Enquirer: 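Have a look at the structure that comes next, please.
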Amino acid sequence: MKGANKITIFILAIVLLSACSRKKNTFLSRNFHAVTGEYNALYNGNVALDRGKEELALTYRDNFWEVLPVERLELEESMALPGETKNPEFERSEEKAAKAIQRHSIYIDGKEHNPQIDEAYMMLGKARYYDQRFIPAMDAFNFILNKYPTSNSINKAKVWKAKANIRLANEDVAIEDLEQMMKNEDLEDEDLADASAILAQAFVNLDSLDGALPYIKLASEYTKDNELKGRYAYIKGQIYNRMEMKDSANMAFDEVIALNRKSPRVYMINAYIEKARNFNYDKEDRVAFLELLFDLEKNRENRPFLDRIYNQIGEYYRSTENIDTAVMYYNKSIKNYKDDRVMQSVNYSTLAEINFDNAQYKRAGNYYDSTLTFLEPNTRPWRRVKKKRENLDDVIKYEDIATLNDSVLRLANLSEAQLLAYFTDYTAKLKQKAIEDSIASVKLEKQIANNEFYKKNTASNKNEQSGGRFYFYNSSTVAYGKQEFKRIWGDRTREDNWRRSDRKRAGITEEIAVEENTPISENERFKPETYIALIPTDEKVIDSLTKERDFAYYQLGLIYKEKFKEYGLASNRLEKLLTYNPEERLVLPAKYNLFKIYQQIERTALANKYKDDIINNHPDSRYAEILRNPEAMLATDESSPEFKYKGLYREFEAHNYQQVIDTAEEYITVYNGNDIVPKLEMLKATALARKDGFEAYKKALNFIALNYPNSEEGKKAQEIYSTVLPKLGVKNFVNEENSEEWKVVYRFTPEETETMDKLVAKLDKFLAERRYDTEMSTSIDYYDPETRFVIIHGLNTKLGARGMAQVLEEDKKYKIKKPFFEISSPNYKIVQIHKNLEDYLKDDTVE
C-alpha cells in the first residue's frame, strides 16, 4: 500500500512538472500559467498600480481657472535617468508585469497561448505611463497591438497608446489613430468614453475647442464612472464658456450639480461658481442669486470651499457697486485660503485694483506685492502684475518721505513741555498695551500647559492620531505665537527681509530697541525721554528734512498729474507744498502745474489766479512767456525748449562738449519744471563723460537718478549707474599680447584743425591706393579740451600698426613725420573712459 502511494505521488509530481513547462501547449500548462500569473504576479502588480494611482490623486491639484485635463496626472519637469522610477509602487507594478511575462509566457510557433500575457503587457505599459516614462510605455502598448491582434484589450491598448502620444506632444498622431479606431471598431461604452475623452484632450491641447466639444460630450454620455462623468461634464461646461455659449455652459454645469454626492463635491461647488460667473446682473434675479450664494456658505459640507464661495460673494457685491461689503468678503476669502494659489492671487489683485481706483496707491502696492507671492515668477500674469507694481514705486517712495518728514518736523516744532506731554501720553498707552499682552501671554501659556497635560493623560487622542501635534492645528499655540511675534518684532509688513532693522515700519518709535528681559517699569521703550532724544534739533538736519519733504510733495504733484491723472490729489500736494514756503526753484514750477491742473478740470477762477500770479510776480520767467504766448511751446518755435534741445544736440555731435555743458546748465535753469529738463541733464552728463571721463559721468548720472526718478531719463540713469558703470570703472590696462584689434594714434591740439584734416586726407588716400580701405578706416577723436587724436583703425597686430606708421613716415609720397603710438582697442577704450593716456604710455606691463 505504501508503495502504491509513493507511485501515485511520483506520477502527480511528474504531471505537475509537465504542467509547469512553458515549452508545451497543453491544457494543463495553459491553465496552470494563466491562473498562476493572474492570481500571483498580476494581482500583486495591479494592487501596487492602484496604490500608486491613489498617491498621484492625493498630490494632484486641479486648476479650475483653466480647462481641466481629462486625466488627473501632473507632469513633473525633472526627468528620471534610464532605469530609475519616480514612484516605488509603479516600479513594483512593472516588476510584477515583467515577472508574469518571463515566468508564465507560453510563446510557441509565433503565437502566445497564455491569455493573461496581454494583460501583463497592459499593466507594464500603464505602470510606465504613470511613472511618466512614455516612450517605454508606448513600446508595451505597441507589443500588444503587434503580437496580440485578437486580444480583448486591443482597444484599450490603442487608447493608452494615444494617451502616451499626447503626453509626448504628438496630438495629430493620437487623433488619427483614435478616429480610425472609432470609425472601424464596434466599441464598448467604456472604451468609447475613454477614446472620446482622450480625443477631446488632444483637440484642447491644439487649441481647437470646436473639435474637442463633440468628443467630450460623448465621453460624458457614455462613461459609467460617476467621478469621470462629473469631470467630463464640468470640462464640457468650461469649453462652452470659452466659446461664449453661456446657456449651454450652464446646462453642462447643471449636469454636474445634479450628480450631487455621486461625484466629488469639488466639481459641484466649482460648477456653482462657474454658473455664478455667468450670471446676468441686468436680467436675472439678484435676490435669488445672493440667497443661493449664502446657502452655499452655510452648508457645512462646503467648508473646504469657503475661499471660493466668499470670493464669489465679493464679486456679487463688487458688481452691484457695494464695494465695502465686497472688500470684506475678499478678505474672508483670503483668511479661508486652502490650496488654490490662483484664487489667492485673484483676491489680492482685486483688492489692489479697488484701492488703486480709490487712489490709495500705497495700499494698492502692498496688495500687488501679496499678489506676486502667489504667482509663478516670470509667467505672463506675474510680469503684468510686476509692471503695475513698479508703476507705483515712485508714488509710494515720495508718500513715505512726505509722511515721515512731516511727522518729524511737526514734533521738532513743539516746545519741550509739549514734547514731554505728547510722549508721556504715548508711552502710557504703550505700557498699558504691554501689560495686557503679558497677561494674555501668561493665560495662553497656562492653557497650552493644560492642553499638553490633557493630551498626555488621555488614552485615545483623535487629534494626535490625525496629526494634531502640528503647531498650526492648535488654535491656542497659534494665538500665543502671534502674541510672542508681536512682542519681539512689533508690527511688520509681509515682505522680503522683514527681520532687517531697516525694513521696520517708518517712524521714530521704530528706532527703539525692544528689551525682552527688562521689566516694564525699567524698559527704555516706555520712557518719554527716550523718544524726545530722537527728535532732531540741529538746524542743518531740520533744513535737510524740510527740503526733502518739499521735494517729495512736488514730485507727488507731478506724478499724480502726469502718470495717474488724479488731479485732485495732484493739486492737494502742490497747494500744500506752497504753504510750506519751499525753496525758490520749486515755487514757480508748482504754480505753473497748478494752473495746468485747474485748467484741465475747468476750475477757471483758480486757473486764472495762478496765471495772473506767474505773469505779475515772475514776468521774466519762461512760464510767464508761455502764458502770454501759448504758441511758444511749439517745437518748431525757436524759443521752445524742444527746438533748443535739438540745436544743443547738434553741438554735441560736433564735439563742442564744453559749449553743450555750459548751455545745458543755462537751459536747465530757464526751463525748471519742464519735461525737457531731464533730457538736458542726460545730454550734459554724456558731454561730461566725453570731456572729463568716468568720474564726472558717474557723478552726473547719480544726480539725474536721484533728482528725476520718475522720468525715463532718471530710470535710465539709475540702470546705467547700477549695471554699466561697475563694468566701466576698471582702470587697469589689459595685457596686449593676444590682442587682435589695434590702432595707430597721432596727437594734435584743437587749434591744428587744418593739419588734422590734411593728415586724414593723406591717410585715406594711402589706404585706398593700397586697397586697405575695406578693412581699415580713419577718424578724428576728441580726447580732452587740449587734445585731439587722428586714428587709423582696423590693424590686427602691434607690429603691423607700427610697420604701417613707419611706411607712412619713410614713403617719399607721404612723408608723415608726426610722432605716433600704437594701442590695442580695449586699452584705447579705457584711455577714453578714464582719460589716463599718460598712465598707459608709462605702463610697461601691457606689452
Side-chain angles (χ1 to χ4, degrees), residues 359-363 394-434 490-491 493 501-514 523-561 566 568-591 593-594 597 606 609-610 613 617 672-673 706-707 709:
Q360 298 289 331
Y361 297 116
K362 186 172 180 179
R363 292 189 66 189
D394 294 332
V395 70
I396 292 171
K397 169 187 171 183
Y398 288 115
E399 284 288 4
D400 282 345
I401 292 172
T403 303
L404 176 61
N405 288 18
D406 262 340
S407 301
V408 175
L409 291 170
R410 193 181 303 116
L411 292 171
N413 287 328
L414 296 178
S415 65
E416 290 185 13
Q418 289 172 321
L419 281 174
L420 183 61
Y422 176 85
F423 283 113
T424 299
D425 181 61
Y426 176 78
T427 51
K429 291 177 181 176
L430 274 184
K431 191 181 297 184
Q432 182 61 32
K433 184 69 169 61
D491 291 327
T493 358
S501 59
D502 61 347
R503 306 299 292 177
K504 294 181 182 178
R505 180 167 48 85
I508 288 179
T509 59
E510 299 300 336
E511 295 184 25
I512 308 300
V514 179
N523 197 317
E524 295 295 321
R525 185 184 179 194
F526 306 109
K527 296 179 180 179
E529 295 78 12
T530 303
Y531 299 92
I532 294 172
L534 295 174
I535 306 301
T537 55
D538 190 326
E539 286 300 323
K540 289 184 179 179
V541 175
I542 292 174
D543 186 54
S544 174
L545 289 172
T546 303
K547 287 182 178 180
E548 190 179 34
R549 186 269 318 271
D550 293 348
F551 186 71
Y553 272 107
Y554 176 72
Q555 290 288 65
L556 286 169
L558 294 188
I559 292 169
Y560 287 135
K561 170 178 173 274
E566 287 288 345
L569 286 171
S571 60
N572 173 277
R573 299 303 187 267
L574 293 174
E575 293 276 14
K576 198 169 186 179
L577 168 66
L578 292 177
T579 64
Y580 291 138
N581 295 319
E583 54 186 321
E584 186 61 30
R585 72 186 186 93
L586 297 178
V587 173
L588 190 53
K591 290 180 179 178
N593 279 293
L594 281 167
I597 290 168
L606 286 171
K609 168 191 168 185
Y610 283 105
D613 185 319
N617 297 327
N672 188 20
L706 294 177
N707 287 278

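Being a predicted model, the structure only gives us computed values, none of them experimental. For the numbers below, each heavy atom of this structure counts, side chains included, while hydrogens, waters and symmetry mates do not. Position 1 is the first residue of the sequence; numbering continues from there.
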Enquirer: How long is the gap from CG on Leu545 to CG on Asn405, to the nearest 0.5 Å?
Expert: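 Leu545 atom CG to Asn405 atom CG measures 5.0 Å (nearest 0.5 Å).
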
Enquirer: Quick check: closest heavy atoms across Pro582 and Val587, and the distance to 0.1 Å?
Expert: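 In this case the closest contact between Pro582 and Val587 is O-CG2, 3.8 Å.
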
Enquirer: Nearest 0.5 Å please: distance from the CG atom of Leu419 over to the CD1 atom of Ile532.
Expert: 5.5 Å

Enquirer: Report the C-alpha separation of Ile535 and Val408 in whole Å, then their side-chain angles, then the decisive distance to 0.1 Å, and conclude whether the side-chain contact (heavy atoms from CB on, under 4.5 Å) test is met.
Expert: CA-CA 7 Å; Ile535 306 301; Val408 175; 5.6 Å; no

Enquirer: Is the shortest side-chain heavy-atom distance between Leu586 and Glu583 below 4.5 Å?
Expert: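 In short, these two side chains touch, coming nearer than 4.5 Å.
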
Enquirer: Any donor-acceptor pair under 3.5 Å linking the side chain of Asp425 with the backbone of Ala421?
Expert: no

Enquirer: Asn593 and Lys561: side-chain contact (heavy atoms from CB on, under 4.5 Å), yes or no, with the steps?
Expert: CA-CA 8 Å; Asn593 279 293; Lys561 170 178 173 274; 3.3 Å; yes

Enquirer: What is the minimum heavy-atom distance between Tyr554 and Ala590, and which atoms define it?
Expert: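 Closest pair (atom of Tyr554, atom of Ala590, distance): CE1-N, 4.0 Å.
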
Enquirer: Tell me which one of Leu556, Asp406, Asp550 satisfies side-chain contact (heavy atoms from CB on, under 4.5 Å) with Lys576.
Expert: Asp406

Enquirer: Taking atom CD1 of Ile396 and atom CD1 of Ile401, what is their separation to the nearest 0.5 Å?
Expert: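 Taking CD1 in Ile396 and CD1 in Ile401, the distance rounds to 12.5 Å.
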
Enquirer: Quick check against the 3.5 Å criterion: does Thr546 have a side-chain atom that pairs as donor or acceptor with the backbone of Ile542?
Expert: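 Judged by distance alone, yes, a pair lies under 3.5 Å.
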
Enquirer: Please determine if Lys591 and Glu575 form a salt bridge, counting it only when a charged side-chain N lies under 4.0 Å from a carboxylate O.
Expert: no

Enquirer: Locate the shortest heavy-atom distance separating Ala402 from Ala552; write the atom from each residue and the value.
Expert: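 Heavy atoms of Ala402 and Ala552 come nearest at N-CB, 4.2 Å.
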
Enquirer: Using the ring pair (Phe, Tyr, Trp, His ring centres under 6.0 Å) criterion, which residues pair with Tyr580? Sequence neighbours excluded.
Expert: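 Tyr580: ring pair (Phe, Tyr, Trp, His ring centres under 6.0 Å) contacts with Tyr553.
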
Enquirer: Hey, would you say the Tyr560 and Tyr361 ring centroids sit under 6.0 Å apart?
Expert: yes

Enquirer: Say you draw a straight line from CG of Asn572 to CD of Glu566; how long is it, rounded to the nearest 0.5 Å?
Expert: 11.5 Å

Enquirer: Can you list the steps and then say if Leu411 with Phe423 is a side-chain contact (heavy atoms from CB on, under 4.5 Å)?
Expert: CA-CA 10 Å; Leu411 292 171; Phe423 283 113; 4.0 Å; yes

Enquirer: Look only at the side chain of Asp543 and the backbone of Glu539, and say whether a donor-acceptor pair between them is shorter than 3.5 Å.
Expert: no

Enquirer: Show your reasoning for whether side-chain contact (heavy atoms from CB on, under 4.5 Å) applies to Tyr398 and Phe551.
Expert: CA-CA 9 Å; Tyr398 288 115; Phe551 186 71; 4.1 Å; yes

Enquirer: Out of curiosity, Leu569 CG to Ser571 OG, how far, rounded to the nearest 0.5 Å?
Expert: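 Here the interatomic distance stands at 8.0 Å.
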
Enquirer: Can you give me the closest heavy-atom contact between Ile597 and Ala570, atom names plus distance?
Expert: CD1-CB, 3.6 Å

Enquirer: Which value, rounded to the nearest 0.5 Å, describes the distance between Leu558 atom CG and Arg573 atom CZ?
Expert: 13.0 Å

Enquirer: Would you check if the side chain of Gln432 reaches a backbone N or O of Lys429 as a donor-acceptor pair within less than 3.5 Å?
Expert: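 Checking the backbone N and O of Lys429 against the side chain of Gln432, no donor-acceptor pair under 3.5 Å is found.
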
